[in-house]
Amino acid sequence: MLDLAFIRENPDLVRRGAQRKRIAFDVDRVLALDGERRRILLAQENAKAEQNRLGKQVATLQGDAKQEALARLKSLKEEGAGHEAALAPVMRELDALLRQAPNPPADSVPEGLTDADNVEVRRHGTAPAFAFAPKDHVDLMTARGWLDVDRAGRLGGSRSYILKGDAVLLEQAILRMGLDLIASRGFTPMSVPVLVKEAALVGTAYFPGAEEQTYKIENPTFEDQAAWLVGTSEVSVTAYRAGEILDAAELPLRYAGISPCFRREAGTYGKDTRGLYRVHQFNKVEQVIVDVADPERSRAHLEDIVRNAEDVLKALELPYRVVAVCTGDMGRGQVYKYDLEAWMPSRKGYGETHSASMFHDFQARRLDLRYRDKDGKVRVCHTLNNTVVATPRVLIAVLENHQQADGSITIPKALRPYLGGREAFAPPKA
RNA sequence: GGAGAGGUGGCCGAGUGGUCGAAGGCGCACGCUUGGAAAGCGUGUAUACCGGAAACGGUAUCGCAGGUUCAAAUCCUGUCCUCUCCGCCA
C-alpha cells in the first residue's frame, strides 16, 4: 500500500508507475476522494470539538442555560452523524482504491509486458552437453521408484505427487543444506504457521488479488476472519512482527522461514502438467529481511539475498541465470524483482527456482510494521524476500543436470554430508 | 465439545460514569549530584489523522464491533483472543 500523502504529493510519479506496470489505477479519483475526505473530516472534527467543550460545561450549568446547552448538543450530535454518513462511502471507496495502488517500479526496471521481456542480468555455468539421450526427472525418478504421480492423484487430485525412498532423503538434504547456509549468514530459522488469518495475506499484499490462487479453510477454529493456507512462509514471516514499533538497534531483522507452501495454480490447466514443475504443495526455505526505510540499504539487501540464493544454486552445482523482471511482470508491490532460473534439461531452458522481491515500505505499511529511528521518529520499515530453496521443483534441475551416461546420478558435494557421504545414486535396477 | 478467569501505555499494574491519554512502579532519554560509577533528585517519555510556515491546536484510540448517555476505560449486547480445568485426540 502506498501512503496517501505520497500519492497526494507525487501524483505523476504514481500515475507513471501504474502505467509502466500495466496496472489500471485512477490517481485523479484518489485525489478527489482525498480532498472530499479532508473536507468532511474537518467539519466533523469541529463539531465534535464543540460537543466535547460543551459537554464538559453541562455538569456545572443549571436551569435554562443547561437546557439550552443540551439542545445545542443534540443538534451537534445530529450534525456529526450527518458528517459520518457522508464520510463512510468516501472512505470505503478510497480504502478500496488505495489497496489497489501499485508501487512505482524503480527507474532501472526494464520495460516490458510479460516474462518474455525479462532481462538476463548474468549467467553462471553452462548447460551440460550430454553424450547420451538424457532422461527427464519423471523418468529418472520413476525408474527408481522415487515418484508416484498416479496414486498421488487418487489421494490428492491433479498436481499431487508422492516422493519415495532416496528422493525424500534428497529433498530433505537440499532443504537442510539451504537452511544451514542461510542460517550461517545470520538469518534466524523460523518454523511458522502455514494456516493464517486473512490479515496476514492482506498485510503482505497478496490480497486483494491472489484469492483465486490461495486455499481457503472451510472450518477454521477462529471466526473473526477467514483462514487460508499460505503459498509461501514469506507471508507468516513478514507478518511476524506486524503492528510493532521496532527498535532501530535490532534492525535489520533477518529471518529464514521454513514451511510447506500451498498454491491452487488456478488458470494453469494444461500448463507444466508433467512432473514436479508445477504442484499444489511444496516445501520451501525463504529469506526475509526487515530494515529501516533506506532505499540504498534495501537495494544492498536485495543484492545480498540474490547472492545467497545463487550460492545455493552453486552448491547444488547447477547452471543458472539471474533475470531482472520487467515492469509488466512484476506485480503490484515490488519496486524491483529478480528471478533466478536454473537450467532444466527436460525444458531445454531455464526454469524459475527463486524470486527475489524488494518492496520498500509497501508491505510494511499494510502490516503496520514500523521502527523508531535515531531521532525518535516512527517510520515504516522496508521489507524484502527471496527463496533460499524450494522443492520439489529444484529436484528437477538437480536430477536432470547430474545424470550420467551410466545411468547414475552424481550427488553435488555440498549435499553429501546430508546423505551419509554418498557420492552418487546408483543406476536403477533393470 | 463442557466449565471458569481475563484482555488498560514499551513492560507491570491502578482505575466501576465527567476533573482519564489514563495514578503508581519499572524501563528508557536528558539534566543535577560525583574523582568516576551506583544510589538519590529533577524533567521528559504513545500512535494515527486533520488544520497550521511554525509554535501549537483539534479529533480518535483502554482487544474488536455495536448500544445506552449531554458525557463511557468505566454500564449493556455481541464477538475475537489468551489462560486454567474436564473430555477427546496427535
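Atom set for the values below is all heavy atoms of this structure, side chains included, hydrogens, waters and symmetry mates excluded. Throughout, a chain's letter reflects where its sequence line sits, starting with A, and its residues are numbered from 1.
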Novice: Kindly point out which of A60(B), C80(B), G58(B) is positioned nearest to the side chain of N52(A)?
Specialist: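 Per side-chain heavy atoms of N52(A), the pick is A60(B).
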
Novice: Hydrogens and angles aside, do N103(A) and R332(A) bring a side-chain donor and acceptor to less than 3.5 Å of each other?
Specialist: no

Novice: Using atom P in both nucleotides, what's the gap between G9(B) and G52(B) to the nearest angstrom?
Specialist: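 Roughly 33 Å separates the two P atoms.
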
Novice: For the pair R8(A) and D34(A), find out whether any cationic side-chain nitrogen is under 4.0 Å from an anionic carboxylate oxygen.
Specialist: yes

Novice: Does G10(B) have OP1 or OP2 under 4.0 Å away from a side-chain N or O of R372(A)?
Specialist: no

Novice: Write down the distance separating the P atoms in C26(B) and U79(B), rounded off to the nearest Å.
Specialist: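 Approximately 41 Å lies between the P atom of C26(B) and that of U79(B).
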
Novice: For this output row, return yes or no: ring centroids of W228(A) and F207(A) closer than 6.0 angstrom.
Specialist: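 Yes, they do, as the ring centres are separated by less than 6.0 Å.
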
Novice: Pairing donors with acceptors under 3.5 angstrom, does anything connect the side chains of Q287(A) and N385(A)?
Specialist: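 The answer is no; no qualifying pair exists.
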
Novice: By nearest nucleotide on RNA chain B, pick out whichever of D3(A) and K48(A) is the more 5' one.
Specialist: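 Going by which nucleotide is closer to the 5' end, it is D3(A).
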
Novice: Hydrogens and angles aside, do E303(A) and Y338(A) bring a side-chain donor and acceptor to less than 3.5 Å of each other?
Specialist: yes

Novice: Return the stems involving RNA chain B, sorted by first number, where pairs are Watson-Crick (N1-N3 with N6-O4 or O6-N4) or G-U wobble (N1-O2 and O6-N3), both under 3.5 Å, and runs are 3 or more long.
Specialist: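 RNA chain B stems, ordered by first number: B:1-7 with B:80-86, B:10-12 with B:24-26, B:27-32 with B:40-45, B:46-51 with B:56-61, B:63-67 with B:75-79.
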
Novice: Answer yes or no: does atom NZ of K21(A) have more than 12 heavy-atom neighbours from other residues, nucleotides or ligands under 6.0 Å?
Specialist: yes

Novice: Expressed in whole Å, how much space separates the P atoms belonging to U61(B) and C12(B)?
Specialist: 23 Å

Novice: Could you tell me whether D180(A) and R176(A) have a side-chain N and a carboxylate O separated by less than 4.0 Å?
Specialist: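 R176(A) and D180(A): salt-bridged.
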
Novice: Mind checking what makes side chain to side chain contact (heavy atoms under 4.5 Å, CB included) contact with A293(A), not counting sequence neighbours?
Specialist: Y371(A), R379(A), H382(A)

Novice: Got a sec, which residues hit side-chain hydrogen bond (donor to acceptor under 3.5 Å, both in side chains) with Y215(A), two or more places apart in sequence or on another chain?
Specialist: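 Per chain and number, Y215(A) pairs via side-chain hydrogen bond (donor to acceptor under 3.5 Å, both in side chains) with H280(A).
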
Novice: Under a 4.0 Å heavy-atom cut-off, which of residues 33-47 of chain A touch RNA chain B?
Specialist: R37(A), R38(A), L41(A), L42(A), E45(A)

Novice: Nearest whole angstrom, please: distance from the C1' of C11(B) to the CG of D247(A).
Specialist: 14 Å

Novice: CD of E50(A) versus C1' of G57(B): gap in Å, rounded?
Specialist: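 Atom CD in E50(A) sits about 16 Å away from atom C1' in G57(B).
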
Novice: Mind checking side-chain hydrogen bond (donor to acceptor under 3.5 Å, both in side chains) for S233(A) and listing every partner two or more places apart, or none if nothing turns up?
Specialist: none

Novice: Calculate the interatomic distance between Q67(A) atom CD and C70(B) atom P; express it in whole Å.
Specialist: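 Rounded to the whole Å, the gap is 11 Å.
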
Novice: Just call it for R53(A): base, sugar-phosphate, or nothing, with non-hydrogen atoms closer than 4.0 Å on any strand.
Specialist: nothing

Novice: Going by salt bridge (Lys or Arg N to Asp or Glu O under 4.0 Å), name the residues that satisfy it together with R278(A), two or more places apart in sequence or in a different chain.
Specialist: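 Expected list: E265(A), D272(A).
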
Novice: Considering only atom P, compute the distance from U59(B) to A72(B) and round it to an integer number of Å.
Specialist: 13 Å

Novice: Can you check the M91(A) CE to C49(B) P distance for me, whole Å?
Specialist: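 The answer, rounded to whole Å, is 11 Å.
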
Novice: Taking only residues two or more places apart in sequence, or in another chain, which ones meet R372(A) in a side-chain hydrogen bond (donor to acceptor under 3.5 Å, both in side chains)?
Specialist: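 Partners of R372(A) under the side-chain hydrogen bond (donor to acceptor under 3.5 Å, both in side chains) test: none.
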
Novice: Determine the Euclidean distance between corresponding C1' atoms of C88(B) and C81(B); express it in Å to zero decimal places.
Specialist: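 Between the two C1' atoms, the distance is 23 Å.
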
Novice: Any residue in residues 72-84 of chain A with a heavy atom nearer than 4.0 angstrom to RNA chain B? Just list them by number, or reply none.
Specialist: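 Only L73(A), K77(A) qualify.
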
Novice: Give a yes or no on whether E250(A) atom CD has more than 12 heavy-atom contacts from other residues, nucleotides or ligands under 6.0 Å away.
Specialist: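 Yes - once you tally the heavy atoms of other residues, nucleotides and ligands closer than 6.0 Å, there are more than 12.
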
Novice: Classify R379(A) by what it touches in the nucleic acid, base, sugar-phosphate, or nothing, heavy-atom distance under 4.0 Å.
Specialist: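 No contact.
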
Novice: Which sits closer to the 5' end of RNA chain B, L54(A) or K377(A), going by the nucleotide each is nearest to?
Specialist: K377(A)

Novice: Can a cation-pi geometry be assigned to R393(A) and F282(A), taking NZ or CZ under 6.0 Å from the six-membered ring centre and within 45° of the ring axis?
Specialist: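 No - R393(A) does not lie over the ring of F282(A) by the 6.0 Å and 45° rule.
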
Novice: Restricting to nitrogen or oxygen on both sides, can you table the protein-nucleotides 17-19 of chain B pairs closer than 3.5 Å?
Specialist:
| unit_1 | atom_1 | unit_2 | atom_2 | d |
| --- | --- | --- | --- | --- |
| G18(B) | N2 | G55(A) | O | 3.0 |

Novice: Kindly write out the residues that satisfy side-chain hydrogen bond (donor to acceptor under 3.5 Å, both in side chains) with E244(A), not counting sequence neighbours, or none if the list is empty.
Specialist: R241(A)

Novice: On a whole-Å scale, what distance lies between the C1' atoms belonging to A3(B) and G13(B)?
Specialist: 28 Å

Novice: Can you sort out the partners of Y277(A) under ring-ring contact (aromatic ring centres under 6.0 Å, His included), two or more places apart, ordered by chain and number?
Specialist: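 Scan of Y277(A) (ring-ring contact (aromatic ring centres under 6.0 Å, His included), adjacent residues dropped) gives none.
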
Novice: Could you work out the separation of C20(B) and A14(B) based on their C1' atoms and round it to a whole Å?
Specialist: 12 Å

Novice: For U84(B) versus U8(B), give the span between their C1' atoms, rounded off to a whole number of Å.
Specialist: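 U84(B) and U8(B) have their C1' atoms separated by 22 Å.
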
Novice: Determine, for E50(A) against R53(A), whether the closest basic-nitrogen to carboxylate-oxygen distance falls under 4.0 angstrom.
Specialist: no

Novice: Please list, pair by pair, any protein nitrogen or oxygen found under 3.5 Å from a nitrogen or oxygen in nucleotides 63-66 of chain B.
Specialist:
none

Novice: Under 6.0 Å between the ring centres of W146(A) and F425(A)?
Specialist: yes

Novice: How many Å lie between CG on L4(A) and P on A48(B), as a whole number?
Specialist: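 Distance, rounded to whole Å: 15 Å.
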
